[in-house]
Novice: 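My questions will all concern the structure given below.
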Protein chains: 2
Amino acid sequence: MGITKTQIFDQRQNELAQLFKILGHPARIAILQYISKQNACICNDLVEEIGLAQATISQHLKELKSIGLLKGEIEGKSMCYCIDIDRWNTLQKNLNSFFNTTKMNCC
Amino acid sequence: MGITKTQIFDQRQNELAQLFKILGHPARIAILQYISKQNACICNDLVEEIGLAQATISQHLKELKSIGLLKGEIEGKSMCYCIDIDRWNTLQKNLNSFFNTTKMNCC
DNA sequence: CTTTATTATCGTAATATTGCGATATAATAA
DNA sequence: TTATTATATCGCAATATTACGATAATAAAG
């Protein structure tokens, strides 16, 4: 017990849930907001800005990368993490599609 | 360690993350989709439809209620859980507002 | 009142997530 | 080469989530 039974749900349900799940942490929300404000970003800024340890920030960045929301480029000896706007717009469409189709026909 | 440091984030970040988090489970996505299809719903249907134990479904319903997405009315000896459309629309607006403001000014 | 049906809650085991120190890796600087 | 700086990964401890059986609570039916 304890493991999520992904096999009893369809792919769309699992993918949608995974997206929501990754967005479901305040640090990751804050990271996205901060990167957006900066127009560019290096991870080290985030450590000071957010107030979590460097290892923890790095882990959150990895999760945001896992759903394609962030892309990172090496820039000298630091990383430039940016929001992938195409992916961002696609995600927004997916979520809206879920919201719009699900509210239909409800009592 | 292990506990999310909600105190270092602001209220909006925590609330937004909480919404995403609750939506971040395939069973809860499936529950919302099923209720939407039915126009009404009793929990017992969900147990057969989703394929999780009754106790588990009940727990997921409770979480969806906790963010106001579902409202439940007693109907005879069973419950009628419905999507709260007003709340649903508000949530959708909140998420879109996050998506729209965050993608601005990004590199 | 007793039975039956439906949902909620409790307790618990299994697994996942969060956070961080320590360390590895990689690139530039001296 | 040897520092220095920035980021990633490993390993672990603390906490949270998921799932379910057992049981409680509630309401209708007999």
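In what follows, chains carry the letters A, B, and so on, assigned in the order in which the sequence lines appear, proteins first and then strands, with residues in each chain numbered from 1.
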Novice: Starting at the 5' end of DNA chain C, which residue's closest nucleotide do you reach first, A:Gln18 or A:Ile74?
Specialist: A:Gln18
Novice: Kindly determine whether B:Glu15 and B:Gln11 satisfy side-chain hydrogen bond (donor to acceptor under 3.5 Å, both in side chains), including the steps that lead there.
Specialist: CA-CA 6 Å; B:Glu15 283 177 0; B:Gln11 202 190 350; 2.9 Å; yes
Novice: Using the six-membered ring wherever Trp is involved, compare the ring planes of A:Phe20 and A:Phe99 and label them parallel, tilted or perpendicular (cut-offs 30° and 60°).
Specialist: perpendicular
Novice: CD1 of A:Ile31 versus C1' of C:dG19: gap in Å, rounded?
Specialist: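 Answer to the nearest Å: 13 Å.
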Novice: In whole Å, I'd like the distance from the NZ atom of B:Lys62 to the P atom of C:dC10.
Specialist: 7 Å
Novice: Just checking B:Ile74: does its CD1 atom have more than 12 heavy atoms from other residues, nucleotides or ligands closer to it than 6.0 angstrom?
Specialist: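 Check fails, neighbour count at 12 or below.
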Novice: Counting any heavy atom closer than 4.0 Å, what does A:Ile42 reach on the DNA or RNA strands: base, sugar-phosphate only, or nothing?
Specialist: sugar-phosphate
Novice: Looking only at N and O atoms, is any donor in the side chain of A:Gln54 or the base of D:dA6 less than 3.5 Å from an acceptor on the other one?
Specialist: no
Novice: To the nearest Å, give me how far apart CE (A:Met79) and C1' (D:dA6) are.
Specialist: 10 Å
Novice: Look at B:Tyr81 and C:dA8 and indicate whether a side-chain polar atom (N or O) is within less than 4.0 Å of OP1 or OP2.
Specialist: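 Yes.
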Novice: Based on Watson-Crick and G-U pairs with both distances under 3.5 Å, what dot-bracket line describes DNA chain C 5' to 3', crossing pairs as [ ] and inter-strand pairs as |?
Specialist: ||||||||||||||||||||||||||||||
Novice: Check whether any side-chain N or O of A:Lys21 sits under 4.0 Å from OP1 or OP2 of C:dA16, and answer yes or no.
Specialist: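 No, no such contact exists.
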Novice: If you check every side-chain atom of A:Arg28, which of D:dT18, C:dT18, D:dT7 has the closest atom?
Specialist: C:dT18
Novice: Please give, in whole Å, the distance from D:dA6 P to A:Glu75 CD?
Specialist: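 For the pair A:Glu75 CD and D:dA6 P, the rounded distance is 13 Å.
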Novice: Does A:Asn44 make a side-chain N or O approach to OP1 or OP2 of D:dT5 shorter than 4.0 Å?
Specialist: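 False: A:Asn44 side-chain N/O out of range (4.0 Å or more) of D:dT5 OP1/OP2.
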Novice: Which whole-number value in Å describes the distance from A:Gln7 CD to C:dT15 P?
Specialist: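 So the CD-P distance, A:Gln7 to C:dT15, works out to 13 Å.
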Novice: For the side chain of A:Ala55, starting at C-beta, report the closest nucleotide among D:dA22, D:dA19, C:dC20.
Specialist: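 Shortest atom-to-atom distance from the side chain points to C:dC20.
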Novice: Has A:Ser58 got a side-chain N or O lying under 4.0 Å from the OP1 or OP2 atom of D:dT7?
Specialist: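 Checking A:Ser58 against D:dT7: no side-chain N or O falls below 4.0 Å of OP1 or OP2.
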Novice: Can you tell me which nucleotide in D:dT18, C:dA16, C:dA22 comes closest to the side chain of B:His25?
Specialist: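 Nearest nucleotide to the side chain: D:dT18.
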Novice: Could you give the distance from CG (A:Leu16) to CZ (B:Arg28), rounded to the nearest 0.5 Å?
Specialist: 12.5 Å
Novice: Given A:Tyr81, which of A:Lys71, A:Lys65, A:Glu75 fulfils the side-chain hydrogen bond (donor to acceptor under 3.5 Å, both in side chains) condition?
Specialist: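 One option only clears the test, and that one is A:Lys65.
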Novice: Rounded to whole Å, how long is the line connecting atom CD1 of A:Ile50 with atom C1' of C:dT18?
Specialist: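 Checked: the CD1 to C1' distance equals 15 Å.
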Novice: Using a cut-off of strictly less than 4.0 Å, decide whether B:Thr56 has a side-chain nitrogen or oxygen near OP1 or OP2 of D:dC20.
Specialist: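 For B:Thr56, the contact criterion (side-chain N or O under 4.0 Å from OP1 or OP2 of D:dC20) is met.
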Novice: Do the side-chain N or O atoms of A:His60 get closer than 4.0 angstrom to the phosphate oxygens (OP1, OP2) of C:dT17?
Specialist: no
Novice: Between A:Ile83, A:Ile50, A:Leu69, which is the residue that forms a side chain to side chain contact (heavy atoms under 4.5 Å, CB included) with A:Ile31?
Specialist: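 Exactly one pass, corresponding to A:Ile50.
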Novice: N/O contacts under 3.5 Å, protein versus nucleotides 28-30 of chain D?
Specialist:
none

Novice: Are A:Leu64 and A:Ile42 connected into the same hydrophobic cluster when the rule is that any two of I, L, V, M, F, W, Y join if their side-chain heavy atoms are below 4.5 Å apart?
Specialist: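 Per the 4.5 Å side-chain linkage, A:Ile42 and A:Leu64 are not co-clustered.
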Novice: At less than 3.5 Å, do the side-chain atoms of A:Gln59 and the base atoms of D:dA8 form a donor-acceptor pair?
Specialist: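 Checked by distance alone, the answer is no.
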